[in-house]
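All remarks here apply to the structure that follows.
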Amino acid sequence: MKKMIIIALSCLALLPARADEGMWIPALLKKRVIEEMQKAGFKLSADDVYDVNNPSLKDAVVGLGREGRPFSHFCTGGIVSDEGLVVTNYHCSQSLVQAHSSLEHNYLRDGFWARDKNEELANPGITASILVSVEEVTEQLLAAIADAPPSRREAALNEAITRAEREAESVTTNARASIKAYFNGTRYFLSLFKIYRDVRLVGAPPSTIGSFGGDADNWTWPRHAGDFSLLRIYAGEDNEPAAYSRENRPYKPATSFKITTKGVQEGDFVMVFGYPGTTREYLPSFAIDQLAEVENPAKIKIRTAKLDVIKQAMASDELLRIKYYAKAASVANAWKKWQGEIKGLTRFQVAASKRELEQRLVKAGNDSLVEQYRQLYDARRDLLLAWNHVAEAGTGGAEIMSLVATIRQRLRELPTVKDLTAYRASIQETANAFFKDYDVATDRRIFTEMLRLYNSSGLDEQWIPDVMRHPNPPGGHERVAADLFERSLFTDPARLARTIARLDAREAKRLQRDPLYRVMEGLARFMDRLRAPLNEIQEKLERLDRDWMRALVALQPDHHFYPDANSSFRVSFGKVAGYEARDAVFYAPNTTLAGVMQKDDPASMDYNAPPRLRELFESSGDVPVCFAATSHTTGGNSGSPVLNADGYLVGLNFDRAWEGVMSDYAYRPGICRNISVDIRYVLFIIDKYANASHLSREMRVVP
Ligand code: ARG
Ligand code: GLU
């Protein structure tokens, strides 16, 4: 019986219209989506979700970003009290917890719980955006560029976008506007935000709870992580965004999420609010082939080399383990997902089903589109591979390169700097932040491996930057790296600080002669060389993408298309569901604390639950921990509030299941699952583990 359901589900996967798939624009729910949600069990109205005139659920959703680029949200959060308390994932705050940690205050190991508001910790640079409104601006933009010649289209469009953004900002106090392209660049929407800049850390469990299962469990189901943390948004006296100040007050939201402890079961309706980053559901087969056969394998290989070095360092020393904890997790995260993507794309024959669709499009008269796609992807192949190498093993290889790059960037300002003291101080601040979690010996080993890898990559010479080309160095690549690292002053915090302290045109020249600066220079020049032809192809691809979208819509006029994720606000919905992972392996949708105890292993870095958790398990009994559902999510949806049919908060999204991580390119309802931490586990950890009930008392919790 179950088998039949599975077969039926995988057949469904071939049909264009599917429930569960899709990331919808909340402002457009009234057009069809809300009906589908209600059919699936949702009991509220479109206005309950999104309303510009009255408080609605959207007012309790927070996009977490960084100053400078607040619109590319790295995570999502949900407001759960009328004093601006926010729940998000542990892994979203992990770098903040780390930044506040030291050997004396090891919050990664011990957790952190502010006993009152005075103990909450500031996080300069972190922003929390709250959506004011979303509005389609396609017609107005297209009208603005109607007379522009094709060669000016891009520039004219960007000008029109900036103009429209500034205009929107001028009519609402303190609002920031962001226009993004949707549906392969065929439509544009303007989002208006209030962006709060004083976001403080309130609570986080120890990493042994917050990322229980570590990198071993990452991207897999079944899951047992208490992946949550608490932040608080602060505002000025007028409740408006303000720079950090002790005088700021907790933000008073228009509304906050109500929490239910009712829990969820297989088949229950759930919806996810959030800021999914990037998906590409409408790519042609050529792109999928290239991803699975060229791009991902190359990036995986480079990161494997990097991770081997980092893991060795972490295993050798407790301080290094603290320093590299978050960095290792972030290198490993994409590395593992890319591997899952290859598996999923292959197993579900995604390229083949794309080719079928392309055949239909060819029959409908689009043969030149398909052919142009083929040629462009062919032309892009080597360039992209070279780009991936330089980005992963060059500028993104050894960590020191990022410091060199930042300082190189800052030197450009020097000729026009007015306040030299402030300029030097801010560069020194960047250096301090960098060195806090830096280990030069480890980094030198990473650099060595990157050199080794480049020179054994089999890449044609023209695709290897000169500064990385050392086919057979006397003394080996170790010698090359050691030499650069010893002669450079970037790797020596004291020497670098002395140079920064007297930084002027002459000292800048000295920095520019530095051996690692020269490496950076070489990499940058190499990237510039690739950029022009890559951009040219990219522009052509974008033009094709627009025609492609129109052709797809023409081919399937009744299909309800959703736009790819672009870091804008979306709603996904689905149901709580297990799945058949592979032959004869079925997964249930809920996990429990008993499961944490089954995995617990003090000898393992990944599964080392704190002893107090076992005591609580023995004294308080079992507690639900995580659940899986069919909602369509991606990176950026971490920390997304997960609501039930009545609109109550039941969990926080934090991951996807291994067999379905190709959903960024092809969602398959039988196998794609998002993973959430059950809100009851969140409350259990706050109340019972951390004795921090003063925090849960702020929340509106109902049975
Ligand atoms: N895979 C999830 C995401 O993409 C969680 C990553 C953090 N967790 C971990 N164990 N490294 O962000
Ligand atoms: N962990 C991801 C994030 O940080 C969410 C998981 C996914 O990619 O679906 O946003």
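In listed order, ligands and their atoms are each counted from 1.
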| field | Distance-only side-chain donor-acceptor flag, Asn590 / Gln265, under 3.5 Å | value | no
| query | Could a heavy atom of Gly214 be found less than 4.0 Å from some atom of ligand 1? | reply | yes
| Identify the closest protein heavy atom to atom 2 (C) of ligand 1: which residue and atom is it, and at what distance? | Asp655 OD1, 3.2 Å
| field | For Phe654, the ligand 1 atoms whose distance to one of its heavy atoms is below 4.0 Å | value | 2 (C), 5 (C)
| Electrostatic pair Glu392:Arg303 at N-O distance under 4.0 angstrom | yes
| task | Please could you name the atoms of ligand 1 that Trp219 approaches to less than 4.0 Å, counting only its heavy atoms? | result | 1 (N), 4 (O)
| Lys/Arg N to Asp/Glu carboxylate O, Lys599 vs Asp601, below 4.0 Å | no
| said: Regarding Asp606 and Ser604, do their side chains bring together a donor and an acceptor under 3.5 Å, going by distance alone? | reply: no
| request: Provide, to 0.1 Å, the distance between atom 11 (N) of ligand 1 and the closest protein heavy atom, together with that atom's residue and name. | output: Asp215 OD1, 3.2 Å
| Which residue holds the protein heavy atom closest to atom 12 (O) of ligand 1, what is that atom called, and what is the gap in Å? | His91 NE2, 3.1 Å
| query | Quick one: are the ring centres of Phe569 and His73 less than 6.0 Å apart? | reply | no
| query | Is Ser663 reaching over with its side chain to a backbone N or O of Ala666, donor-acceptor style, under 3.5 angstrom? | reply | no
| message | What I want to know is whether Ser211 and ligand 1 share at least one N or O pair that is separated by under 3.5 angstrom. | response | no
| First-shell residues of ligand 2 [heavy atom, distance under 4.0 Å] | His91, Trp219, Thr633, Thr634, Gly635, Gly636, Asn637, Ser638, Phe654, Asp655, Arg656
| query | Just checking, Lys299 and Trp338: is the charged tip under 6.0 Å from the six-membered ring centre and within 45° of the axis? | reply | yes
| query | side chain to side chain contact (heavy atoms under 4.5 Å, CB included) with Leu231: which of Val87, Val199, Leu121, Ile126? | reply | Val199
| Is the number of heavy atoms from other residues, nucleotides or ligands within 6.0 Å of CD (Gln349) greater than 12? | no
| request: Write out the residue and atom name of the closest protein heavy atom to atom 6 (C) of ligand 1, then the distance separating them to 0.1 Å. | output: Asn333 OD1, 3.4 Å
| Between Arg668 and Asp20, is the closest basic N to carboxylate O distance under 4.0 Å? | no
| Polar atom proximity, Asn218 to ligand 1 (N or O, under 3.5 Å) | yes
